[in-house]
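Everything quoted here is computed from the prediction, not taken from an experiment. The residues of the chain are indexed from 1 along the displayed sequence.
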Amino acid sequence: MKLTKWGKRGVLFLLSAMLVCGTASCGNGPSSSANSSSANNSTPSSSSGESGAKKLSIAIGQNVNVEDYETNDLTKWLEKDLNVDLEFILLPATADDANTKVSLWVSSNSKLPDVLCTGLTDTVAQDYASKGVIVDVTGYYSDPEVAPNITSSRFDGERDIIMSSIRFADGKYYSLFTYNPFPWNEAAYRAWVNQEWLDQLNMEAPKTTDEFRAMLEAFQSNDLNGNGKQDEIAMMTAKSGYGMNPTTFLMNAFVQTTPGADYMIVKDGKLSPAFTTEEWKKGLEYIYGLVQDSLLSPLSFTQDSTQLKTLLSAAEATIGVTCAGSTSMFGSDPAAVSRMALLEPLTGPDGACGVSYQPSTASRSWYITKDAADPALAFSCGDWFFGEEQSWTARYGAKDVHWTDDAEITKDYLPMFEQYTPVKYVGTIFGSTDIWGQPQNEHWQGGNPYSTPLSEALYQSFAYKEDPNLSSKTNYNTTHLDIYYDKIPTEYVTKFLHTEDELDELADYADMMDYVTSSMAEFITGNRSLNDWDGYLKTLKEMGLERYVSLRQSGFDRANAE
């Protein structure tokens, strides 16, 4: 796909967006357990209740942060608006266990609930679609009587990206969606530097890989935290966690490096693997040098994010540079957060300078099954969540309690981008409790299709003008757009759309990407010599790299077909 830069579209995104590493959704599947009055293994279908309301059964994952789906405020609101009676069949807490449960229903030919509100992998979704387990809903997307919200102008600016994201390989649609574009999350592999240390050294932030190394050397050799100990760690990250992989930020100074796209480079619509290039090898050599000289802690490849956060959030700073997709890694102390500044992408020795880019796309959610007595009603209930007020409630809670569009209130909030931009929405009203990730009964904790499209994101705010901590709330979103978005590649992978046969064949290559990532760590830490580069390439060839790239090319072409 060719790039349309967020910056050129006037993207204005607010502070809390950067704290969101991802929100749970019906399409992403259940992830936790909950207590509900409807926990049972029955699989009812639609029928009329005593009040004349039609029943609609929904299989959804348990969630400890939803007190009771049956009595939930969002549930009651939907039931009243559409005259339906929702019945919930609780699935196991984890996505894998939930999908196993659904698979058992399907294989035993049990009667299914009207709606499956659990995450399905592409392979499983394609299989269910081909077998008629989930129904084709293509026609409903253009029917304003069935889908008054989806067909409204609310999605006009982003309808194409939404529809291309959830289309199946046969060109049809078998689900609704969740879509919440977060520009902050699209280039999540960011590096952060201790600005206080830079100021002490009277150094400018580095722009090249050579300057970056020189900065790390200065961090390592000076007592910058003033405790009389040589305990400064020039750079440290974690092996896993949101945007924390140190190799991705650094490798982009040598070659386009995007883990979420299988490290595929796109040029003139054709894919090629970055991990077989000489530029990749040069990047590994550079990072190996940092590790060997103790400028990049080898713990970055073994410790988890919890261990890293303990050090980053400490009152006494010991780390000069880290990688993280969210400032939540720096803890809740404003001083610990404010001392870290975004580093711009580095330029390598050959002039390369890029970022790992994963554009916002819609994810599938709300699959209507073959046993639904009234598929149109089931689709309409899913469409209901896409009303503007419903979507905001589904994310933040009760209107005028946790969020508002009241102009008398929004005027007291500060736009986090261009100062002339009006504030139309306020999420997490000053003084209210943020209920996301907390036990509550006001929404489904993201367990439903919903969207806050970019047109609304332009006018959000989360910063109260009289907030006593306002001065510590650096506007990282603006900085991020300024220094990262002009480095986005002009061509990139949005997604791969594979046929069922292709997905089956791709499963045979599951070990290939594991081999790439494990080899990367081995080369960088010195457990494998870069003199064995030819052996590495030979192994990839023997594993079937050429066929693998061919399959990914087919999926890429299909996803980008008009």
Side-chain angles (χ1 to χ4, degrees), residues 187 189-237 243-254 282-283 285-300 308 311-325 327 329-331 333-355 471-487:
Y189 289 93
R190 294 175 278 269
W192 304 79
V193 64
N194 187 319
Q195 185 63 49
E196 294 176 356
W197 287 10
L198 277 179
D199 293 342
Q200 284 187 58
L201 294 167
N202 197 29
M203 294 183 72
E204 296 290 331
K207 296 184 181 297
T208 69
T209 50
D210 286 344
E211 292 174 358
F212 183 76
R213 182 185 174 91
M215 178 191 69
L216 295 182
E217 290 172 345
F219 284 175
Q220 182 191 46
S221 59
N222 287 277
D223 181 20
L224 295 171
N225 58 19
N227 64 1
K229 303 175 185 177
Q230 194 62 50
D231 58 353
E232 283 75 11
I233 303 169
M235 181 177 183
M236 177 186 278
T237 63
M244 292 178 194
N245 187 324
T247 59
T248 302
F249 174 80
L250 295 173
M251 288 291 284
N252 270 289
F254 297 87
K282 289 180 181 179
E285 290 172 339
Y286 174 80
I287 303 173
Y288 167 76
L290 298 182
V291 174
Q292 289 303 299
D293 293 339
S294 300
L295 301 177
L296 171 58
S297 171
L299 291 176
S300 302
L308 176 65
L311 292 173
L312 288 172
S313 60
E316 184 176 84
T318 56
I319 298 176
V321 175
T322 194
C323 293
T327 58
M329 278 302 296
F330 309 139
D333 181 0
V337 176
S338 62
R339 70 188 173 209
M340 304 302 290
L342 267 176
L343 272 180
E344 64 181 88
L346 300 174
T347 299
D350 297 326
C353 182
V355 298
S471 61
S472 68
K473 295 182 176 179
T474 304
N475 186 4
Y476 292 120
N477 293 276
T478 298
T479 305
H480 181 242
L481 291 176
D482 287 344
I483 65 178
Y484 275 70
Y485 270 74
D486 63 347
K487 308 297 191 304

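For Glu344 against Phe249, the heavy-atom pair with the smallest separation is O-CZ, 3.7 Å. When all heavy atoms of Leu250 and Phe212 are compared, the closest pair comes out as CD2-CE2, 3.7 Å. Looking at every heavy atom in both residues, Cys323 comes nearest to Pro246 through SG-CA, 4.0 Å. Between Ala315 and Arg339, the shortest heavy-atom contact is O-NH1, 3.2 Å. Scanning all heavy atoms of the two residues, the minimum distance from Phe254 to Pro349 falls at CE2-CD, 3.5 Å. The nearest pair of heavy atoms linking Ala205 to Leu198 is CA-CD1, 4.0 Å.
Checked options Ile233, Leu290, Ile287; the residue passing with Leu295 is Leu290 (criterion: side chain to side chain contact (heavy atoms under 4.5 Å, CB included)).
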(request) Evaluate the side-chain contact (heavy atoms from CB on, under 4.5 Å) criterion for residues Trp192 and Met329: first the C-alpha distance (whole Å), next the side-chain angles of each, then the deciding distance (0.1 Å), finally the verdict. (result) CA-CA 11 Å; Trp192 304 79; Met329 278 302 296; over 6 Å; no
(message) Set out, in order, the CA-CA distance, both residues' side-chain angles and the distance that settles side-chain contact (heavy atoms from CB on, under 4.5 Å) for Lys487 and Asn252, then state yes or no.
(response) CA-CA 10 Å; Lys487 308 297 191 304; Asn252 270 289; over 6 Å; no
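The line from CG of Leu308 to CZ of Phe330 is 8.5 Å long, rounded to the nearest 0.5 Å. Annotation: the span from Gln230 atom CD to Ser221 atom OG amounts to 7.0 Å, rounded to 0.5 Å. Taking CG of Leu342 as the start and CZ of Arg190 as the end, the distance is 7.0 Å to the nearest 0.5 Å. Atom CE of Met215 sits about 10.5 Å away from atom CH2 of Trp197, to the nearest 0.5 Å. Annotation: the span from Leu296 atom CG to Met236 atom CE amounts to 9.0 Å, rounded to 0.5 Å. Separating the CG atom in Leu343 from the OH atom in Tyr484 is a distance of 6.5 Å, to the nearest 0.5 Å.
Using a 4.5 Å cut-off on side-chain heavy atoms (C-beta onward), Thr318 and Asn225 make contact. No side-chain heavy atom of Met340 sits less than 4.5 Å from a side-chain heavy atom of Val193. Within the 4.5 Å cutoff, side-chain heavy atoms of Asp350 are placed close to those of Lys282.
Sorted by first and then second residue, the salt bridge (Lys or Arg N to Asp or Glu O under 4.0 Å) pairs involving residues 211-226 (not counting sequence neighbours) are Arg213-Glu217, Arg213-Asp293.
A 6.0 Å sphere centred on CD of Glu204 holds no more than 12 heavy atoms belonging to other residues, nucleotides or ligands.
Taking the side chain to side chain contact (heavy atoms under 4.5 Å, CB included) definition, one finds that Asn222 meets it with Leu201, Ala218, Leu224, sequence neighbours left out.
For the residue pair Asp210/Thr208, the side-chain donor-acceptor check at 3.5 Å is not satisfied.
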